[in-house]
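Chain letters run A, B, ... following the sequence lines, proteins first, then strands; residues in each count from 1.
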Amino acid sequence: MKNTTTIKNVFVKGAIAPDFIANSIAKHQSKTNIGAHDIFLGQVRADVINEKTVTAIEYSAYEEMANQKFHEVREATFSKFNLTCMHIYHSLGTVKAGEICLFVFVSSAHRKEAIKALEYVVEEIKIKVPVFGKELFEDETHQWKVNN
Amino acid sequence: MKNTTTIKNVFVKGAIAPDFIANSIAKHQSKTNIGAHDIFLGQVRADVINEKTVTAIEYSAYEEMANQKFHEVREATFSKFNLTCMHIYHSLGTVKAGEICLFVFVSSAHRKEAIKALEYVVEEIKIKVPVFGKELFEDETHQWKVNN
Amino acid sequence: MSLTIKYFGMLAEVTKCNEELIEVNECTIKELTSKLLEYHPDLKSKNFKVAVNQSLVDEDILITSKDEIALLPPFAGG
Amino acid sequence: MSLTIKYFGMLAEVTKCNEELIEVNECTIKELTSKLLEYHPDLKSKNFKVAVNQSLVDEDILITSKDEIALLPPFAGG
């Protein structure tokens with residue numbers, strides 16, 4: 001295993017609560033070199049597919065590899081952009097439609113760095129991190145979600 | 001006055017609290033056609049200028065024109081990007097270093113629209129909205145902030 | 001005609017008022033600005049734009065008595 | 001040699017297990033994949049990538065007995 005000491009666990013059980021996000025923002029108010037935060041939130045959509053509505057997504061992951069990939073995305077982002085800090089949280093298990101499953105939080109002295117970094121992080125996560133999503137329908141059938 | 005009925009007041013007195021942001025996020029959990037939120041937060045930096053540290057910014061605005069410009073930015077953004085909703089809040093009065101003075105919140109079915117729209121809105125606000133900032137130093141002197 | 005001129009931010013600091021009533025003949029923005037710089041010489045060192053009825057305008061347009069005129073220093077929102 | 005193969009998401013659904021132990025001779029990822037498709041014909045209709053020691057790898061690389069092998073369906077994070 002590589003760099004186990006510095007690899008954080010990005011996963012949280014179930015949905016990410018708005019209060020958790022507020023807490024995270026509040027913690028940054030002592031960092032007075034920050035001028036700009038950019039936050040991305042992924043929310044589960046109640047998509048209608050063949051007349052059936054998605055009620056939740058059940059997330060699973062190749063956790064060890066996923067945390068390693070999140071770590072690599074994090075390192076690459078810090079090397080490309082001038083950031084003060086970065087936090088990533090992703091849900092595992094069931095997240096209902098309307099609830100939040102991904103929380104990416106980047107902070108910088110200046111807005112342009114934060115905005116460019118956030119876009120990069122979100123795209124990299126979608127492509128590189130082995131997280132899987134089972135879209136559950138109201139009739140208890142399901143289909144597997146694929147990022148695009 | 002133009003379109004007074006549809007022009008919202010974007011200004012709030014003093015800093016924007018993390019709880020206010022959490023509440024705003026929570027309100028969107030019933031909108032299950034949303035898949036992505038992107039949030040920009042402007043935070044007051046304790047910049048050191050000629051050996052003096054900024055302790056707060058005192059914001060003022062040509063309020064009527066500013067609300068009109070925020071409205072125009074909002075309309076232009078909705079016409080350019082496929083968004084579900086958009087909220088903008090800006091502080092007036094004193095905001096201490098570390099506190100939040102701007103909260104832009106855009107939501108869309110898909111991440112790319114939300115991310116592009118947020119960047120557009122933030123840049124437009126910086127350029128088009130007549131808001132003025134007096135950077136207060138610890139020794140009670142001040143200088144006027146200029147966007148770049 | 002009477003015109004009310006609004007000043008904001010560092011400009012209000014220089015003119016020592018948020019707005020003032022002035023008497024002018026029909027004129028363009030450019031002519032009005034020259035007049036204001038005479039009244040308030042300290043404005044000469046400041047960078048500002050003029051808004052008429054809450055829009056930034058070309059300095060060649062003519063002002064009418066009903067116009068809302070404002071002098072705006074550099075923006076600092078966000 | 002013995003190899004543990006991990007399956008995720010829709011692939012675990014098809015193979016009806018999260019991991020399984022198989023016996024193979026030294027081989028490439030490509031040869032291993034062919035073998036797995038023989039064991040689990042339903043995998044043929046699925047789109048997947050192979051991770052060795054938590055990295056996606058070229059299908060020509062050789063597998064050693066200490067490698068951690070995983071079959072990954074399309075990602076759906078975020």
Side-chain angles (χ1 to χ4, degrees), chain A residues 15-48 53-57 84 96-112 114-116 118-123 125-126 147-148, chain B residues 15-48 53-57 84 96-112 114-116 118-123 125-126 147-148:
Chain A
I16 296 161
D19 281 350
F20 180 85
I21 297 161
N23 254 322
S24 203
I25 295 167
K27 279 182 200 157
H28 288 74
Q29 304 212 310
S30 58
K31 299 193 179 179
T32 56
N33 55 336
I34 294 172
H37 303 290
D38 199 353
I39 293 172
F40 180 85
L41 303 174
Q43 184 168 299
V44 172
R45 279 197 315 272
D47 281 350
V48 177
T53 304
V54 172
T55 57
I57 296 181
T84 313
K96 289 183 202 143
E99 292 183 330
I100 290 161
C101 56
L102 172 63
F103 170 27
V104 181
F105 187 2
V106 301
S107 308
S108 174
H110 302 286
R111 73 183 182 282
K112 285 176 206 264
I115 288 171
K116 293 293 168 208
L118 186 84
E119 180 171 15
Y120 176 80
V121 174
V122 172
E123 292 304 318
I125 289 173
K126 295 270 175 182
N147 277 347
N148 49 33
Chain B
I16 296 161
D19 280 351
F20 180 85
I21 298 161
N23 254 324
S24 202
I25 295 168
K27 277 182 200 157
H28 289 75
Q29 304 213 309
S30 59
K31 298 193 180 178
T32 57
N33 56 335
I34 293 172
H37 302 291
D38 199 351
I39 293 173
F40 180 85
L41 303 175
Q43 185 168 299
V44 172
R45 279 196 316 273
D47 281 350
V48 178
T53 305
V54 172
T55 58
I57 296 181
T84 312
K96 290 183 201 141
E99 292 184 329
I100 291 161
C101 56
L102 172 63
F103 170 28
V104 181
F105 187 2
V106 301
S107 308
S108 173
H110 303 286
R111 73 182 181 284
K112 285 176 206 263
I115 288 172
K116 294 292 167 209
L118 187 82
E119 180 172 14
Y120 175 80
V121 173
V122 173
E123 293 303 320
I125 289 173
K126 295 270 175 181
N147 277 346
N148 51 33

**Q** What part of B:Lys96 lies closer than 4.5 angstrom to a heavy atom of chain A: side chain, backbone, both or neither?
**A** neither
**Q** Treating B:Gln43 as the side-chain partner and A:His28 as the backbone partner, does any N or O pair qualify as donor plus acceptor under 3.5 Å?
**A** yes
**Q** If you count heavy-atom pairs within less than 4.5 Å of chain B, which of A:Lys31, A:His37, A:His110 leads?
**A** A:His37
**Q** For the atom pair OG1 (B:Thr55) and CG (B:Asp47), what is the distance rounded to the nearest 0.5 Å?
**A** 11.5 Å
**Q** Mind ranking A:Pro18, A:Ala17, A:Ala22 by heavy-atom pairs under 4.5 Å with chain B and telling me who comes out on top?
**A** A:Pro18
**Q** Where does A:Ala114 contact chain B at under 4.5 Å (heavy atoms): side chain, backbone, both or neither?
**A** neither
**Q** Is it the side chain or the backbone of A:Leu102 that comes within 4.5 Å of chain B heavy atoms, both, or neither?
**A** neither
**Q** Just so I understand: if I count every heavy-atom pair under 4.5 Å between each of B:Gly35, B:Ser24, B:Ala109, B:Ala46 and chain A, which residue has the most?
**A** B:Gly35
**Q** Rounded at 0.5 Å granularity, tell me how far CD in B:Glu123 sits from CG in B:Asn147.
**A** 9.5 Å
**Q** With a 4.5 angstrom heavy-atom cut-off, could you sort out which part of A:Ile34 is near chain B: side chain, backbone, both or neither?
**A** both
**Q** So which residue, A:Leu41, A:Val122, A:Asn33, ends up with the most heavy-atom pairs under 4.5 Å with chain B?
**A** A:Leu41
**Q** Can you say whether the rings of B:Phe20 and B:Phe103 are parallel (under 30°), tilted (30 to 60°) or perpendicular (over 60°)?
**A** perpendicular
**Q** In terms of heavy-atom proximity below 4.5 Å to chain B, should A:Asp38 be classed as side chain, backbone, both, or neither?
**A** both
**Q** Look up atom CZ in B:Arg45 and atom OG1 in B:Thr53, then write down how far apart they are to the nearest 0.5 Å.
**A** 13.0 Å
**Q** Less than 4.5 Å to any heavy atom of chain B: does that hold for the side chain of A:Lys126, its backbone, both, or neither?
**A** side chain
**Q** Could you give the distance from CD (A:Glu119) to NZ (B:Lys112), rounded to the nearest 0.5 Å?
**A** 8.0 Å
**Q** Could you walk me through whether A:Ile16 and A:Ile21 satisfy the side-chain contact (heavy atoms from CB on, under 4.5 Å) test, starting with their C-alpha distance in whole Å, then the side-chain angles of each, then the deciding distance to 0.1 Å, before giving a yes or no?
**A** CA-CA 8 Å; A:Ile16 296 161; A:Ile21 297 161; 4.1 Å; yes
